[in-house]
Every structure is written in C-alpha cells, then in structure tokens.
Amino acid sequence: MSETTSGTTPTVVKLGGSCLDDLAGDWWDDLARHGRERPLVLVHGWSKPLKRLSPRYSEPSAILRDRYGNQSRWTTPEVIADIKTVSARLGEDVLGRLEQRGIAAERLLGSDGLVAAGEGERWWWQDRQLVELENLVGPITWVDPAAFKNLQPGHAYLVTPLARNAAGQEVNTDADRAAAAIAAATGATDLVLVTDVAHLLIDGEPVRRITAKAAGTFRDKGATGGMRKKLRAAGEALDGGVERVVIGSATVTDLLAARTGTAITRT
C-alpha cells in the first residue's frame, strides 16, 4: 500500500458500466460534495455502452468462461478499439458532470503506463470443449501511483482500465479488480463499487456487513457473474491495505456512512 497523507488519500469509486446511465443529478451532486473534501479516483466500466455500440456485444458468444469458471469478454484488437471509442465518449460525459459541479477532472488511460498486466488465461470453454484462444485479457500485476500527480480535494481522475502486458500488447482488465489495485496503490482507505444492485444477497437476504473471509467463502461457493468478480476485487483490495470495500447502488455518502449497501472488512 502506498504511503499518503490524509489530505491526499483518495476515495476510489468504481462506476459500473451497467448503472452509469441511471445515476441521477443528485448522485453526481453528492459525489462532487465528497470530492471537495477528498481526492477522487474513479474507475469506469463499459458493459452497457459497448452493447449499445454493437448488438454483437450482447450475444452469448461475446463472453467466454475459463476452466476455473471465471467469465471474460472475448477481447480482440477490434474489441480494444471499440472499448476505447465508448470510453472516450463516456469520459467526456463524466468529466463534464464533475466540472459543472466545480471538480477539476482528467482522464487517464490505464495502458499508457499506469497499469501493467500479466499473462492471461489461454484455455476457454467453447461448444462444451476447452480450446486455446487468443484473448487479450490479463490480471493486473502493477499500478504506477506516480501517475496520480494531483491527488487533492477538488480534483478527480477518471481511469479507463485497459492495461499493457509484458509483450507490449494492450489488454482488457476487469474494472472491479482494476479499481481494487488502484485503491491499494494509492493508499485509499475506502473502495466503493457502485453497481445496479443495492446489496450483496446471500440466500435471498441483503447483507449489510461481512468479513473478507466470509465473503471469500460465499464467492467460491455461491456467488455468480458480476458479484463473484466484485467479491474477488474486494478481497484483493483488503489484502492490499484498503480498510473497507462497499458495494451498492446509492450515493457515495450513503454507502460510506453504512446507511445502505454491503460493507466488507478484514474482520
């Protein structure tokens, strides 16, 4: 975990691509109020914008599952280009919303030296068989905290979570796990995963607070899809020194105040 002073310790917020369109003006008002007190690092997803760009991204064949059961978007150079297209448009919108509310903001592309990725999985299920596929994805191995040169109240960074691997290829990464790695690298105490569900549900019941160990057990035995990735990201953030991860669909203030959402802590 990177050392920072209290005045430069950011709040890291992952903006789910599935819910960005549904964040109303008062949500952004609240984020700006928080941003006047603490630096902000925002990490965005792109699932819904990508599906709007082309119907092929909504087809089942666009998603792969590896031999361990983890899902990944099948990423080719063309998909990387489309991700960059929708991310540029999304970035203009997010930065505009913040700047209208008095928060100076800038966008960082993870693959421009901010985020490094390791070798990605090569074996994927296709037509009920494990086959070797070229899939431009990879786990995050390193984040350069020096890229965040202006961590101070009133300023925000928006990160597009692409990365670059050892071969120099631009690769796709999971945005939740990217946010976790960035939170650890910047010394954040809190990681907020804003999504389209209000709580983690276990056996149909909302969970307000859970330990990392219990969350990891549920991740491996009961969680599916996007929530499984969020719980993995939460564990990685806590292992990296982040004190608390909150998952939910409310304002950042309400989530951090534990009025709603699910808080995940080490103990």
Side-chain angles (χ1 to χ4, degrees), residues 11-23 27 42-51 57-58 60 62-75 120-121 124-125 137-140 159 161 172-184 188 190-240 242-252 254-256 258-267:
T11 299
V12 178
V13 181
K14 190 269 179 160
L15 303 173
S18 61
C19 68
L20 264 169
D21 291 346
D22 300 323
L23 298 176
W27 190 93
L42 312 177
V43 181
H44 72 83
W46 47 61
S47 56
K48 189 178 287 187
L50 206 55
K51 290 175 182 177
Y57 290 119
S58 298
I63 302 298
L64 298 174
R65 186 181 298 275
D66 70 14
R67 51 188 159 169
Y68 307 107
N70 300 308
Q71 290 185 342
S72 168
R73 180 172 298 283
W74 191 356
T75 305
E121 174 65 40
W124 304 90
W125 287 103
V137 299
I140 293 173
V159 178
N172 186 3
T173 69
D174 176 67
D176 293 309
R177 297 177 73 185
I182 289 168
D190 293 298
L191 169 62
V192 182
L193 303 178
V194 179
T195 185
D196 55 1
V197 295
H199 302 87
L200 168 67
L201 298 176
I202 297 181
D203 296 330
E205 296 296 323
V207 177
R208 300 296 297 271
R209 188 179 183 91
I210 189 170
T211 66
K213 182 177 179 180
T217 299
F218 176 68
R219 176 198 69 211
D220 294 337
K221 295 184 177 180
T224 59
M227 187 55 71
R228 186 177 185 183
K229 288 187 175 182
K230 284 174 174 51
L231 293 176
R232 174 171 290 180
E236 291 170 350
L238 295 168
D239 286 344
V242 176
E243 294 179 7
R244 175 178 56 164
V245 180
V246 188
I247 301 172
S249 58
T251 64
V252 169
D254 282 349
L255 290 169
L256 290 177
R259 298 186 188 109
T260 185
T262 298
I264 305 173
T265 55
R266 294 191 201 98
T267 58

Check: Can you tell me if Asp203 uses its side chain to pair, donor with acceptor, with the backbone of Glu205 under 3.5 Å?
Finding: no
Notebook entry, point to check: So which of Thr173, Leu15, Ile182 actually passes side chain to side chain contact (heavy atoms under 4.5 Å, CB included) with Val43?
Noted result: Ile182
Check: Do you know the tightest heavy-atom contact between Ile140 and Ala181?
Finding: CG2-CB, 3.9 Å
Check: Can you tell if the side chain of Thr260 reaches within under 4.5 Å of the side chain of His199, non-hydrogen atoms only?
Finding: yes
Checklist line | Inter-residue atom distance Leu64.CG - Asn70.CG, 0.5 Å rounding | finding: 12.0 Å
Check: Does the side chain of Lys48 reach to within under 4.5 Å of the side chain of Asp22, using non-hydrogen atoms?
Finding: yes
Next item on the list: Please check if the side chain of Thr75 supplies one atom and the backbone of Arg73 the other of a donor-acceptor pair under 3.5 Å.
Entry: yes
Checklist line | Gap between atom CG of Leu200 and atom CD1 of Ile264 - 0.5 Å precision | finding: 6.5 Å
Checklist line | Pairwise distance CZ(Arg259) to CZ(Arg208) - rounded to 0.5 angstrom | finding: 11.0 Å
Next item on the list: For residues Glu121 and Arg67, determine if any side-chain heavy atom of one lies less than 4.5 Å from a side-chain heavy atom of the other.
Entry: yes
Margin query: Is there a side-chain contact between Leu255 and Asp190 in this structure, where contact means two heavy atoms from C-beta onward sitting under 4.5 Å apart?
Written below: no
Item checked: Arg232 CZ to Asp176 CG distance, which is reported to the nearest 0.5 Å -> 11.5 Å
Check: To the nearest 0.5 Å, what is the distance between OG1 (Thr262) and CD1 (Ile202)?
Finding: 8.0 Å
Check: Considering only heavy atoms from C-beta outward, does the side chain of Tyr57 approach that of Ser47 to under 4.5 Å?
Finding: no
Notebook entry, point to check: If we only count heavy atoms from C-beta on, is the Trp74 to Val137 side-chain gap below 4.5 Å?
Noted result: no
Check: For the residue pair Leu238 and Arg266, what are the closest heavy atoms and their distance?
Finding: O-NE, 3.2 Å
Margin query: Quick check: closest heavy atoms across Ala175 and Lys14, and the distance to 0.1 Å?
Written below: CB-CE, 3.5 Å
Margin query: I'd like to know if the side chain of Arg244 and the backbone of Leu256 have a donor-acceptor N/O pair within less than 3.5 Å.
Written below: yes
Checklist line | Nearest-0.5 Å distance that lies between atom CZ in Arg65 and atom OG in Ser72 | finding: 11.0 Å
Notebook entry, point to check: Is the number of heavy atoms from other residues, nucleotides or ligands within 6.0 Å of CZ (Arg209) greater than 12?
Noted result: no
